[in-house]
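Shown next, in structure tokens, is the structure this report addresses.
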Amino acid sequence: MSSHSEVIFPKTLKIPGGQAPKGVVRVSGAKNSGTRLLAAASLTDENVVLTNFPTKLVDAQHKIRFLREVGFSIDVDYETEELHLSGGVITSEVLDSYDYPIRTTYLLVAAQIVRNGVAKIPYPGGCKIGSRGYDLHILVWEALGCEVKELPDYIEVSGEFMGGTIDFPISTVGGTENALLCGAVAAGTTVIHNAYITPEVSDLISMLRHMGAEIKVTGNSYIEIQGKSGLLSGVHMPVMPDRIEALTWIVLAILTGGELLIEDVPFEHMEIPLLHLKDAGIDIFRNSTSAYITPDCLRSTGIQPFEVACGTHPGVISDMQPFYVLLAMNAMGISRVYDYRYPKRIGYVDELAKFYPGAFSSEEGCITIKGGMRGKAATAESTDLRGSMAVIMAAMMTEGDSTINDAHMALRGYNDLLGKLEKVGINVEAVYG
């Protein structure tokens with residue numbers, strides 16, 4: 001096993017325009033699954049092996065760093081993309097630092113409570129008291145019998161998990177994941193109403209079942225867990241491929257006229273998103289696990305204007321939204337992309353507009369795109385993970401040299417993105433410091 005140090009991410013990317021990928025790229029393990037399976041792996045003192053793990057994701061590395069700090073033994077092999085975890089003497093002492101800029105710190109509570117009866121975790125995303133973007137997680141912990149204190153540097157949860165009923169006021173992926181982890185090690189039966197079961201949540205459920213948890217799912221929003229009253233068993237588990245990364249490569253190859261064989265595409269979780277591509281005039285060459293994208297995938301009529309409404313799985317989820325906006329830029333006509341689930345997720349549009357001035361008008365919940373305009377090189381800022389990737393893609397498509405600042409935002413969402421781009425012939429200069 002390698003004791004590889006943390007990956008250092010560049011501050012800025014300099015990207016020559018007019019580039020098209022050519023070659024073979026493999027979709028990595030899903031970011032939104034791997035980091036959750038890592039939290040599940042901490043619910044046992046037996047050995048856990050996670051294969052196809054996105055080892056170079058910054059969020060995964062921060063979570064690994066925290067688990068090591070509290071006592072877990074974790075070995076990461078960056079070549080084979082495997083992670084080995086085993087328990088140790090898990091501390092409940094206050095750490096020197098709780099500076100962990102990741103949103104899913106709440107998933108680290110169950111492992112500490114089941115061993116020590118107390119958990120101390122960083123605030124999600126580094127936010128402190130006042131934001132309260134974690135109320136649904138407090139609801140989970142209190143519903144299962146624990147007390148929550150919001151202290152200056154960390155959240156403290158104390159008590160013993162006892163089965164209970166969790167009624168989420170809205171469907172929530174993060175809340176569902178937290179409830180699954182806590183309920184699996186609780187004493188008694190935990191019932192979750194208004195759960196949100198995505199493919200990545202199903203991956204987590206599968207792992208917990210293999211570790212000995214008894215989980216019954218009815219429909220797409222009701223879960224019942226028979227808690228194990230303690231730690232679970234070890235497991236050897238693959239991380240599912242990342243459906244968002246797969247869509248990213250497909251769209252990039254289509255828009256640049258590239259020739260790309262994309263391996264490990266989770267087609268079973270992408271039926272409706274791919275149907276929207278077909279309706280827009282894109283035919284994909286494929287077998288059961290791979291997609292082959294060439295200029296011949298685009299019909300002679302080109303990309304057709306479209307309307308897409310983002311929402312919950314199995315539809316087009318919000319993380320996919322920027323790539324349909326980018327597709328619309330290359331359609332001949334007016335397209336609209338709606339997102340009423342996350343209506344404020346439109347900050348990246350201002351950055352795309354630097355490449356395509358006058359092409360966008362946006363308001364909360366709706367982006368209108370005037371396609372067919374000629375793009376130009378620009379200097380742009382990174383915003384959210386997926387929107388920033390769309391900005392990087394725009395830089396590859398337009399003529400001239402572009403600069404993307406705060407590029408680490410995009411790299412947080414993609415495992416070894418720069419390495420994969422280099423492999424398929426995309427020239428990107430990374431500037432550090």
Legend entry - Pairing residues for His313 by the side-chain hydrogen bond (donor to acceptor under 3.5 Å, both in side chains) criterion, not counting sequence neighbours: Arg243
Who pairs with [X] by side-chain contact (heavy atoms from CB on, under 4.5 Å), at least two apart in sequence or on another chain?
X: Leu385; result: Lys31, Met409, Arg412
X: Thr312; result: Tyr196, Arg341
X: Asn330; result: Leu255, Ile303, Met397
X: Lys22; result: Glu259

Please identify each residue that fulfils salt bridge (charged side-chain N to carboxylate O under 4.0 Å, His left out) with [X], with sequence neighbours left out.
X: Arg103; value: none
X: Arg36; value: Glu177
X: Lys420; value: Glu245

Using a 6.0 Å cut-off, check whether atom [atom1] of [X] has over 12 heavy atoms from anything other than its own residue.
X: Glu422; atom1: CD; result: no
X: Asp96; atom1: CG; result: no
X: His210; atom1: NE2; result: no

Rounded to the nearest 0.5 Å, what separation is found between the [atom1] atom of [X] and the [atom2] atom of [Y]?
X: Lys149; Y: Ile138; atom1: NZ; atom2: CD1; answer: 13.5 Å
X: Asp77; Y: Leu83; atom1: CG; atom2: CG; answer: 10.0 Å
X: Leu136; Y: Tyr106; atom1: CG; atom2: OH; answer: 9.5 Å
X: Leu327; Y: Ser335; atom1: CG; atom2: OG; answer: 9.0 Å
X: Ile15; Y: Asn427; atom1: CD1; atom2: CG; answer: 9.5 Å

Under a 3.5 Å cutoff, is there a donor and acceptor pairing between the side chains of [X] and [Y]?
X: Thr104; Y: Lys63; answer: yes
X: Thr189; Y: Gln226; answer: yes
X: Asp242; Y: Ser28; answer: no
X: Ser33; Y: Asp203; answer: yes

Legend entry - Nearest heavy atoms of Ser382 and Ile404, plus distance in Å: OG-CG2, 3.7 Å
Is there a donor-acceptor pair under 3.5 Å between the side chain of [X] and the backbone N or O of [Y]?
X: Tyr340; Y: Cys366; value: no
X: Ser86; Y: Asn47; value: no
X: Asn194; Y: Phe168; value: yes
X: Thr105; Y: Pro122; value: yes
X: Asn415; Y: Lys56; value: yes

Inset, instruction - Step by step, work out the side-chain hydrogen bond (donor to acceptor under 3.5 Å, both in side chains) result for Glu81 and Thr55. - result: CA-CA 6 Å; Glu81 297 191 333; Thr55 54; 4.7 Å; no
Legend entry - From CA spacing to verdict: side chain to side chain contact (heavy atoms under 4.5 Å, CB included), Leu208, Leu181: CA-CA 8 Å; Leu208 291 172; Leu181 294 169; 4.3 Å; yes
ring-ring contact (aromatic ring centres under 6.0 Å, His included) partners of [X], counting only residues at least two apart:
X: His193; value: Tyr222
X: Tyr414; value: none
X: Phe360; value: none

Legend entry - Option from Tyr338, Tyr342, Tyr348 for which side-chain hydrogen bond (donor to acceptor under 3.5 Å, both in side chains) with Gln321 holds: Tyr348
Inset, instruction - Applying side chain to side chain contact (heavy atoms under 4.5 Å, CB included), run through Val157 and Glu147 and close with a yes or a no. - result: CA-CA 6 Å; Val157 185; Glu147 179 184 357; over 6 Å; no
Legend entry - Near-ring test Tyr98/Tyr123, centroid separation under 6.0 angstrom: no
Legend entry - cation_pi(Arg386, Phe323) dist<6.0 Å, angle<=45: no
Inset, instruction - From the options Ile367, Thr383, Asp319, select the one residue that forms a side chain to side chain contact (heavy atoms under 4.5 Å, CB included) with Arg345. - result: Asp319
Legend entry - Test: Asp99 and Arg65 ion pair at under 4.0 Å: no
Legend entry - side-chain hydrogen bond (donor to acceptor under 3.5 Å, both in side chains) assessment of Asp339 paired with Ser318: CA-CA 7 Å; Asp339 192 339; Ser318 291; 2.6 Å; yes
Inset, instruction - With the side chain counted from C-beta on, respond yes when Lys354 and Thr379 share a heavy-atom pair under 4.5 Å apart, and no when they do not. - result: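 No. Closest side-chain heavy atoms not under 4.5 Å.
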Output side-chain donor-acceptor pairs under 3.5 Å for residues 108-120, partner residues at least two apart or in another chain, one line each.
unit_1: Gln112; atom_1: OE1; unit_2: Lys120; atom_2: N; d: 3.3
unit_1: Gln112; atom_1: NE2; unit_2: Leu108; atom_2: O; d: 3.1
unit_1: Arg115; atom_1: NE; unit_2: Asp45; atom_2: OD1; d: 3.4
unit_1: Arg115; atom_1: NH1; unit_2: Ser42; atom_2: O; d: 2.8
unit_1: Arg115; atom_1: NH1; unit_2: Ala111; atom_2: O; d: 3.0
unit_1: Arg115; atom_1: NH2; unit_2: Ser42; atom_2: O; d: 3.1
unit_1: Arg115; atom_1: NH2; unit_2: Thr44; atom_2: O; d: 3.0
unit_1: Arg115; atom_1: NH2; unit_2: Asp45; atom_2: OD1; d: 2.9
unit_1: Asn116; atom_1: ND2; unit_2: Ile90; atom_2: O; d: 2.9
unit_1: Lys120; atom_1: NZ; unit_2: Ser92; atom_2: O; d: 2.6

